[in-house]
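Worksheet for the structure shown next.
We name chains A, B, ... by the order of the sequence lines, and we start the count at 1 in each one.
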Amino acid sequence: MSKQYWLMKSEPDAYPWKQLVREGTGIWDGVRNHTAKLNLKAMQVGDEALFYHSNIGKECVGIMRITETAFPDPTADEGSPWVVVRVEPVRALTHPVTLAAIKADPKLADMDLIRQSRLSVGRVTPEEWKHILKKSETAGG
DNA sequence: GCCAACGTTGGC
DNA sequence: GCCAACGTTGGC
């Protein structure tokens, strides 16, 4: 399968981008939504994901790479369906891409992030991915 | 199986 | 702090 792209949300209070960079690797735990879980299970090693800061910041701040496919979430009860993937930071975006900038861009209006605002792990199409990365090269989107 | 009540997420 | 969206729970 060709490379897939994702967007994963974290509240910076709980788990900020800086922490992932500092630690060099991390597992994406705590997902308790079935749609998000299906997305985690669809991830392949080498897929890339945007790290999005929800609540505080409300912006995409960096790029991660999936390094290990889904396995049971160690923070969940045994026998539960919840899974995690392992990720590592690739690089920070040159400039963060804010939710406001994404909403204001017709090319990005159909993103999971916009259409289903509570979904913490969403798909990003290759077109959306390219477009967001391009926006991140210029301040203010 | 339906639906009201309730809890959580996350933007504003 | 409020509210919309959405998921879950429990009574019937």
Side-chain angles (χ1 to χ4, degrees), chain A residues 1 3-141:
Chain A
M1 189 185 289
K3 198 201 283 189
Q4 305 173 101
Y5 300 99
W6 310 93
L7 182 146
M8 298 161 85
K9 295 185 187 178
S10 181
E11 296 193 28
D13 274 355
Y15 187 70
W17 166 253
K18 274 186 180 174
Q19 186 178 343
L20 177 60
V21 171
R22 187 184 337 120
E23 295 175 354
T25 180
I27 60 167
W28 206 267
D29 63 19
V31 170
R32 296 293 182 270
N33 170 285
H34 291 285
T35 306
K37 179 200 69 180
L38 288 176
N39 285 333
L40 288 175
K41 287 186 149 187
M43 292 180 183
Q44 298 294 320
V45 171
D47 283 1
E48 290 188 307
L50 289 163
F51 193 118
Y52 175 85
H53 276 165
S54 63
N55 257 306
I56 303 167
K58 283 169 283 184
E59 56 193 13
C60 302
V61 292
I63 298 171
M64 310 178 270
R65 179 178 171 275
I66 311 303
T67 59
E68 187 177 348
T69 53
F71 60 94
D73 186 339
T75 71
D77 293 339
E78 201 171 331
S80 77
W82 309 118
V83 297
V84 299
V85 295
R86 182 165 289 282
V87 297
E88 68 181 15
V90 174
R91 66 176 176 87
L93 295 180
T94 310
H95 303 283
V97 177
T98 64
L99 178 64
I102 290 172
K103 280 184 144 177
D105 191 327
K107 285 182 186 158
L108 301 174
D110 202 36
M111 285 183 70
D112 276 0
L113 177 70
I114 307 299
R115 289 191 300 110
Q116 211 175 332
S117 65
R118 285 183 50 192
L119 185 61
S120 62
V121 181
R123 284 183 182 273
V124 177
T125 69
E127 292 73 27
E128 289 163 350
W129 181 269
K130 271 182 220 161
H131 197 64
I132 288 175
L133 260 55
K134 196 175 169 189
K135 285 173 96 67
S136 74
E137 296 305 317
T138 50

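The shortest heavy-atom contact between A/Leu40 and A/Ala70 is O-CB, 4.0 Å.
With sequence neighbours left out, A/Glu128 forms a salt bridge (charged side-chain N to carboxylate O under 4.0 Å, His left out) with no residue at all. Take A/Ala76 and apply the side-chain contact (heavy atoms from CB on, under 4.5 Å) test, not counting sequence neighbours, and it matches A/Arg32, A/Asp73, A/Ser80, A/Trp82. The ring pair (Phe, Tyr, Trp, His ring centres under 6.0 Å) search around A/His131 returns none, not counting sequence neighbours. Checked against side-chain contact (heavy atoms from CB on, under 4.5 Å), A/Glu127 has the following partners two or more places apart in sequence or in another chain: A/Thr125. In this view, A/Pro12 and A/Pro16, A/His53, A/Ile56 satisfy the side-chain contact (heavy atoms from CB on, under 4.5 Å) rule, not counting sequence neighbours. Residues meeting the side-chain contact (heavy atoms from CB on, under 4.5 Å) test with A/Arg115, sequence neighbours left out: A/Asp110, A/Asp112.
Note on the helix from B/dG1-C/dC12 to B/dC12-C/dG1: angle between the axes of the first and last five pairs equals 10°, rounded to 10 degrees.
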List, with names and distances, any nitrogen or oxygen atoms from the protein found under 3.5 Å away from nitrogen or oxygen atoms belonging to nucleotides 9-11 of chain B.
residue: B/dG11; atom: OP1; partner: A/Tyr52; partner atom: OH; Å: 2.9
residue: B/dG11; atom: OP2; partner: A/Asn55; partner atom: N; Å: 2.9

Sort me out a list of protein N/O and nucleotides 2-4 of chain B N/O pairs below 3.5 Å, or just none if empty.
none

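Rounded to whole angstrom, the span from the CG atom of A/Leu38 across to the C1' atom of C/dG7 amounts to 14 Å.
The stretch residues 93-109 of chain A participates, sequence neighbours left out, in these salt bridge (charged side-chain N to carboxylate O under 4.0 Å, His left out) pairs: A/Asp105-A/Lys135. Pairs engaging residues 51-62 of chain A under the salt bridge (charged side-chain N to carboxylate O under 4.0 Å, His left out) rule: none recorded [sequence neighbours left out].
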Ignoring hydrogens and angles, write down the donor-acceptor pairs under 3.5 Å from the side chains of residues 24-31 of chain A, residues two or more places apart or on other chains.
residue: A/Thr25; atom: OG1; partner: A/Arg86; partner atom: NH1; Å: 3.1
residue: A/Thr25; atom: OG1; partner: A/Val87; partner atom: O; Å: 3.1

